[in-house]
Amino acid sequence: MKKDFLSLTDLSLSEAECLLKRAAEFKALRRSSSSPQPLLGKSVAMIFLKSSTRTRVSFEVGIRELGGYPLVLSKDGTQMGRGEPLKDTARVLSGYVHGIVIRTAAHAEVEELARWATVPVINALTDRCHPCQVLADVFTLREQGLLQPGLRVAFIGDGSNNMVHSWILAAKLFGLHLMVACPRAFRPDPEVLASAGGAVTVVEDPKEAAAGAGVLYTDVWVSMGQEAQKSERRQVFQGFQINRELIRLAQPEVRIMHCLPAHRGEEITEDALEGPNSVVFAQAENRLHVQKAILEHLLGDRK
Ligand code: CP
Ligand code: NVA
């Protein structure tokens, strides 16, 4: 049976650990310029119905490095823009390609695509979650020697967005302790929160979350598709910012993380993003290595 990667819940802990280990191998092999090619002769459709820099480029380069052929599809350039249903697109593409990567707004659309496609489907971000990003983030912590049960991660900002939901699932899977600091009206989805049991605490005071944290994570106040709420959100999230004051409260070696793109002066200050504790560009690079491991796991012929 084909496997999809729509959410971190699609992975067991041992599968996730294998992917992280394999990503480290891909990273090391890339330095020695001899990438294995488990996707040789395979094509992967990449449907991007929202903007992207990191995800799109890292998948496209990763597919090529694995020996495969990536096709980037947009709404306007295809019949999806003229209303062809996803369930039809899923079946048509399954006749041509060996896997589908999709970024769209509604998580239900990705689930629908996966239901009808006969090839593996990978979620490249929905409004609900961003599993490839969080796996690359966890990989970044692992390579820094920080990934161990009980690690205190503080998420500061919009508690209701895709990155928080992904981190809640990661906290549960890897045994981390996640503290989310967010305004009351922007708390995580109660169902996702409940699924994590005691792994997650939600507070309203960023200082409470940051105190003693080993990781400070944030994401934009205004996610893609929320542009109409920009001014309201900029007001509500005032104070939910990673800055010098919060960094002082955290552990001395705290890692500053952000999935990017960042809005300096909103959710994070310039000096926090560019300072010595920041690992944001390692996170971005690691998208490539981790996604290669995911692609190989789902659609590769591993020799
Ligand atoms: N972090 C991330 O997914 O970035 P892009 O939107 O540029 O793909
Ligand atoms: N929460 C952000 C993440 C971007 C990678 C968004 O959805 O726009």
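Here the structure is a predicted model, which means the values were calculated and not measured. For ligands, and for the atoms within them, numbers begin at 1 and follow the listed sequence.
For the pair Arg22 and Phe26, the cation sits on the ring face: its NZ or CZ lies under 6.0 Å from the ring centre, inside 45° of the axis.
The aromatic ring centres of Trp221 and Phe240 sit 6.0 Å or more apart. Taking the six-membered ring for Trp and the full ring otherwise, the centers of Phe237 and Phe186 sit less than 6.0 Å from each other.
Look at Arg248 and Glu245 and you find no salt bridge, because none of the NZ, NE, NH1 or NH2 atoms lies under 4.0 Å from a carboxylate O. Under 4.0 Å is where a charged nitrogen must lie from a carboxylate oxygen, and between Arg244 and Asp271 at least one such pair does. Note on Glu296 versus Lys292: no salt bridge recorded, every NZ/NE/NH1/NH2 to OD/OE distance being 4.0 Å or above.
At a heavy-atom cutoff of 4.0 Å, ligand 1 is surrounded by Ser52, Thr53, Arg54, Thr55, Arg103, His130, Gln133, Cys259, Leu260, Arg287.
Pairs passing the salt bridge (Lys or Arg N to Asp or Glu O under 4.0 Å) check and including a residue from residues 209-222, sequence neighbours excluded, do not occur.
Remark: Glu17 pairs with no residue by the side chain to side chain donor-acceptor pair (under 3.5 Å) rule, at least two apart or across chains.
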Report every pair formed by an N or O atom of ligand 2 and a protein N or O atom separated by less than 3.5 Å, giving atom names and the distance to 0.1 Å.
from	atom 1	to	atom 2	distance (Å)
ligand 2	1 (N)	Asn162	OD1	2.8
ligand 2	1 (N)	Asp219	OD2	2.6
ligand 2	1 (N)	Ser223	OG	2.7
ligand 2	7 (O)	Asn162	ND2	2.8
ligand 2	8 (O)	Met224	N	2.8

Step by step, work out the side chain to side chain donor-acceptor pair (under 3.5 Å) result for Asp76 and Ser74. CA-CA 6 Å; Asp76 292 340; Ser74 65; over 6 Å; no

